[in-house]
Amino acid sequence: MNTFYLENKAVIFDLDGVLLDSAEYHYLAWKKIASELNIHFNRKINHLLRGVSRKESLLIMTHGKIELDEKQITEITTRKNALYLDFVRKAGEKLLFDGINDFLAELRKTPLKLAVSSGSRNAPELIDISGLKKDFFHAVVSGQDFTRSKPDPESFLMAAGKVGINAENCLVIEDAPAGIEAARRARMGTFGVGNAELGSCDIKAESLSLKNVSFIFEYFKNHEV
Ligand code: B16
Ligand code: MG
């Protein structure tokens with residue numbers, strides 16, 4: 001296969017909800033917090049929290065319902081994270097979505113640069129416990145590395161910088177409305193996965209599997225900058 005058109009191109013993967021099945025555990029932890037705070041919470045509200053930082057997630061779900069001071073915000077987000085870590089540590093290797101290592105191995109046969117860019121401060125631990133192979137990636141950016149969370153483009157621009165590829169030559173794979181918005185603001189291509197309402201994306205699929213590797217090749221073939 002001639003892959004010259006994949007040179008100087010990069011694919012940037014979101015982690016939670018794209019490579020790892022950890023989004024459900026964020027939902028379960030926030031659901032418990034909401035019931036302790038006695039506020040309404042459901043999956044529709046949860047979609048708005050995908051990709052967004054811990055503190056901003058709490059502010060979104062409590063908006064117009066209860067007022068919290070900084071001390072309460074710190075206490076609640078610390079408790080939410082403890083609940084979340086308890087879930088994901090128990091899940092371990094079950095976190096990795098089926099077929100992800102095969103999908104990444106296929107892309108690794110090409111000149112494409114691969115990066116992870118996650119809003120999660122827990123991303124390094126999640127990668128370790130899930131068995132996701134770090135060697136597949138030329139760079140990993142986590143919530144510990146940047147200050148402005150999605151929909152700000154900072155995390156994706158940082159990943160592009162680390163792999164040395166111009167933003168216009170990057171394709172972002174995301175499950176979150178905030179992440180797709182961040183990719184658009186960074187002028188990167190968008191590959192939306194899952195079933196959240198993401199608006200129009202260059203590529204869309206229910207999940208990542210070998211059968212949509214060809215969508216990525218097609219995207220870059222038709223995307224000469
Ligand atoms: P943490 P991603 C995001 O990860 C999650 O989607 C989002 O639900 C979470 O609030 C955010 O990380 C911060 O995570 O509390 O672990 O630091 O989708 O950007 O990989
Ligand atoms: Mg995500």
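Each ligand, and each atom within it, is numbered from 1 in the order the structure gives.
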Relative to ligand 1, is R121 under 4.0 angstrom through side chain, backbone, both or neither, heavy atoms considered? both

May I ask you to identify the nearest protein heavy atom to atom 10 (O) of ligand 1, giving residue, atom name and distance to one decimal place in Å? V52 O, 2.6 Å

At under 4.0 Å between heavy atoms, what of T77 touches ligand 1? The answer is neither

Just checking, K80 and Y84: is the charged tip under 6.0 Å from the six-membered ring centre and within 45° of the axis? yes

Taking N or O atoms only and a 3.5 Å limit, does S117 qualify as a polar contact for ligand 1? no

Decide whether an N or O pair under 3.5 Å exists between Y84 and ligand 1. no

The Mg ion (ligand 2) to E174: any N/O/S contact under 2.8 Å? no

Return yes or no for this condition: an N or O of K150 is under 3.5 Å from an N or O of ligand 1. yes

Between E70 and K55, is there a salt bridge with N-O shorter than 4.0 Å? yes

Rounded to 10°, how big is the angle at the Mg ion (ligand 2) from D175 OD1 to D14 OD2? 80°

Around atom 4 (O) of ligand 1, find the nearest protein heavy atom and jot down its residue, atom name and distance. D16 CB, 3.5 Å

Would you say D175 and ligand 1 have an N/O pair spaced under 3.5 Å apart? no

Closer than 4.0 angstrom, basic N to acidic O: yes or no for D14 and K150? yes

Please could you name the atoms of ligand 1 that N122 approaches to less than 4.0 Å, counting only its heavy atoms? 1 (P), 16 (O)

If the cut-off is 4.0 Å to any non-hydrogen atom of S118, which atoms of ligand 1 fall inside it? 2 (P), 4 (O), 19 (O), 20 (O)

Note: ligand 1 atoms sitting under 4.0 Å from heavy atoms of L49 are 7 (C), 8 (O)

Looking only at N, O or S atoms, find the one in D16 nearest to the Mg ion (ligand 2) and name it. O

Could you list which atoms of ligand 1 come closer than 4.0 Å to a heavy atom of S57? 10 (O)

Of all the atoms in ligand 1, which lie at a distance below 4.0 Å from a heavy atom belonging to L15? 20 (O)

Among the heavy atoms of A176, does any lie under 4.0 Å from an atom of ligand 1? no

Which protein heavy atom lies closest to atom 2 (P) of ligand 1, and at what distance to 0.1 Å? D14 OD1, 2.9 Å

